[in-house]
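The structure appears right after this line, and notes come after that.
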Amino acid sequence: MPPALDTLMLVFSSDGELPVSVPERGLFLGAVAHPALRDWPSVTGWQPDKALADAWERAGYVRIDDLGNERWPVVLVLPGKSREETLAWFTLARDHVASGGTIVVAMPNTAGARRFEKLLAQATGDVVSLQKHKCRAFRATNNGGFNESVFDEWRVGMAPQAIPETSMVAQAGTFSANRIDPGSIFLADHLPRTLHGSVADLGAGWGYLSDAVLKLCPKIESLDLVEVDARAVACARANLGGHDRSVTYHWHDVTTGLPTSYDAIVMNPPFHTGQATNIDLGRRFMQVAMESLNRDGELFLVANRQLPYESVLESSGLEWRIAAEDKTYKLLFAKQH
Ligand SMILES: C[S@@+](CC[C@H](N)C(=O)[O-])C[C@H]1O[C@@H](n2cnc3c(N)ncnc32)[C@H](O)[C@@H]1O
């Protein structure tokens, strides 16, 4: 559970410093389940991360993907990582809080909570806050005095933005939203042009690698993009529209496995959960990929050189090798028998 979530829920505790009454209905942006939400008559979650979205639903709560024009008496916000994303989520909260309603945000101090509290105050006027668990929760009420020009400035981050030197777009908060990831460029530069048949890109982001693979390998018949972040999937759809081969977009958590198998899998696997390094995530991607190769299927994986992925290949029994490397990256290749 994110540490800021406990702090967020303290705002609704009757003996707390900032008591806000539990509303009849609330909207939760970046929804993550918490035991205290059980006492709420109704709370609806919006969550672009598929793994967290599934966990929210498993906990028994309602989820929506499209926020529409609905307004809510309380909007909770548990923002993501980047500045643009956080400000875009403040704007989403502004757009969906009812007149007289309250926006409540919580963030870890290490994510710049105090700075973001000040920014929200610029847009809303009055903000009150509490600190607990090395996090900060702050709330603002929509009393008619919001500074709309500040929100308008932040609203830009809600729409996908052009990525320099490409004809592609990415949205704030998605992986490498401002530039093509150099690791993916390394993979594309060293990929054999012979890939064929059915191919998957695991952790496909906004689609750079998928697009490159389709352009480089004419014998590919179909490509599945698999990505946990709904916003990245939406950008990938916009970015890959022009290909003549079958491309399918899956909003899916790779760690849960894949429903089908492939002639080739390419990937630049994640190795972070939130801000923290998580090597096991990359290793789990590898296991899932290796289980999902057809006979003679091939895996191409790019990683930072220091990431200890070779042991996973070694214990897999597959034929494998380092196919290319430079001072930063390595391209690992494995083949199913
Ligand atoms: C290193 S990035 C590579 C992105 C993309 N292939 C590119 O070249 O720009 C890893 C991607 O994996 C996604 N990801 C993280 N955890 C995931 C999961 N459990 N299932 C599917 N995708 C995941 C991230 O959102 C991110 O887009």
Side-chain angles (χ1 to χ4, degrees), residues 30 47-55 80-82 85 160-161 163-191 195 199-216 223-240 247-260 262 264-289 291-292 299-307 309 328-332:
Q47 176 53 266
D49 182 298
K50 177 67 170 156
L52 296 176
D54 286 347
K81 295 179 295 240
S82 80
E85 178 185 27
Q161 303 293 307
I163 300 151
E165 294 165 32
T166 73
S167 55
M168 298 184 149
V169 294
Q171 192 168 345
T174 60
F175 171 78
S176 200
N178 303 320
R179 61 167 196 161
I180 302 171
D181 179 65
S184 294
I185 294 177
F186 184 85
L187 200 167
D189 283 351
H190 294 87
L191 195 70
L195 260 62
V199 176
D201 177 1
L202 305 187
W206 47 260
Y208 164 76
L209 187 58
S210 293
D211 181 63
V213 164
L214 282 170
K215 284 179 177 149
L216 291 167
L223 181 80
D224 281 5
L225 279 90
V226 188
E227 167 60 45
V228 82
D229 184 335
R231 300 162 303 173
V233 176
C235 292
R237 270 182 202 280
N239 291 334
L240 273 92
V247 181
T248 312
Y249 305 86
H250 302 270
W251 184 39
H252 181 77
D253 173 4
V254 167
T255 65
T256 63
L258 299 175
T260 188
Y262 299 93
I265 292 178
V266 295
M267 64 184 188
N268 177 359
F271 58 95
H272 285 101
T273 300
Q275 314 279 37
T277 302
N278 180 358
I279 307 292
D280 287 343
L281 181 57
R283 289 187 165 140
R284 176 68 191 145
F285 261 61
M286 293 172 73
Q287 274 154 356
V288 169
E291 284 162 11
S292 310
L299 170 64
F300 298 88
L301 176 168
V302 67
N304 285 53
R305 279 176 70 109
Q306 80 275 11
L307 291 173
Y309 288 156
T328 313
Y329 298 106
K330 58 190 172 191
L331 172 62
L332 299 176

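Atoms within a ligand are numbered from 1 in the order they appear, just like the ligands themselves. In this text the structure is predicted, and so the values were computed from the model without any measurement. Below, all heavy atoms of this structure are taken into account, side chains as well, without hydrogens, waters or symmetry copies. Count residues from 1 along the sequence.
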Can you name the atoms of ligand 1, numbered from 1 with element, that are less than 4.0 Å from a heavy atom of [X]?
X      : result
His252 : 20 (N), 21 (C)
Ala204 : 5 (C), 6 (N)
Val254 : 18 (C), 19 (N), 20 (N), 21 (C)
Phe175 : 1 (C), 2 (S), 3 (C), 4 (C), 9 (O), 26 (C), 27 (O)

Got [X] and [Y] here, is their nearest side-chain heavy-atom distance under 4.5 Å?
X      : Y      : result
Tyr329 : Asn304 : yes
Tyr262 : Val199 : no
Val247 : Ser210 : no
Trp206 : Val169 : no
Asp54  : Thr256 : no

Given Gly205, Ser184, Pro182, which one has a non-hydrogen atom that is nearest to atom 7 (C) of ligand 1?
Ser184
Return the option from Asp253, Ile163, Asn268, Val288 holding the heavy atom at the smallest distance from atom 3 (C) of ligand 1.
Asn268
Is it true that Phe285 lies under 4.0 Å from ligand 1, counting heavy atoms only?
yes
[atom]: nearest protein contact (heavy atom, Å):
atom                    : answer
atom 27 (O) of ligand 1 : Glu227 OE1, 2.8 Å
atom 22 (N) of ligand 1 : Val228 N, 3.2 Å
atom 6 (N) of ligand 1  : Gly203 O, 2.9 Å
atom 16 (N) of ligand 1 : Pro270 CG, 3.7 Å

Examine the side chains of Ser176 and Asp181 and answer whether a donor and an acceptor come within less than 3.5 Å of each other.
no
Asp229 and Thr174 side chains, donor-acceptor separation under 3.5 Å
no
Candidate pair Asn239 and Asp211, rule side-chain hydrogen bond (donor to acceptor under 3.5 Å, both in side chains), full reasoning:
CA-CA 8 Å; Asn239 291 334; Asp211 181 63; over 6 Å; no
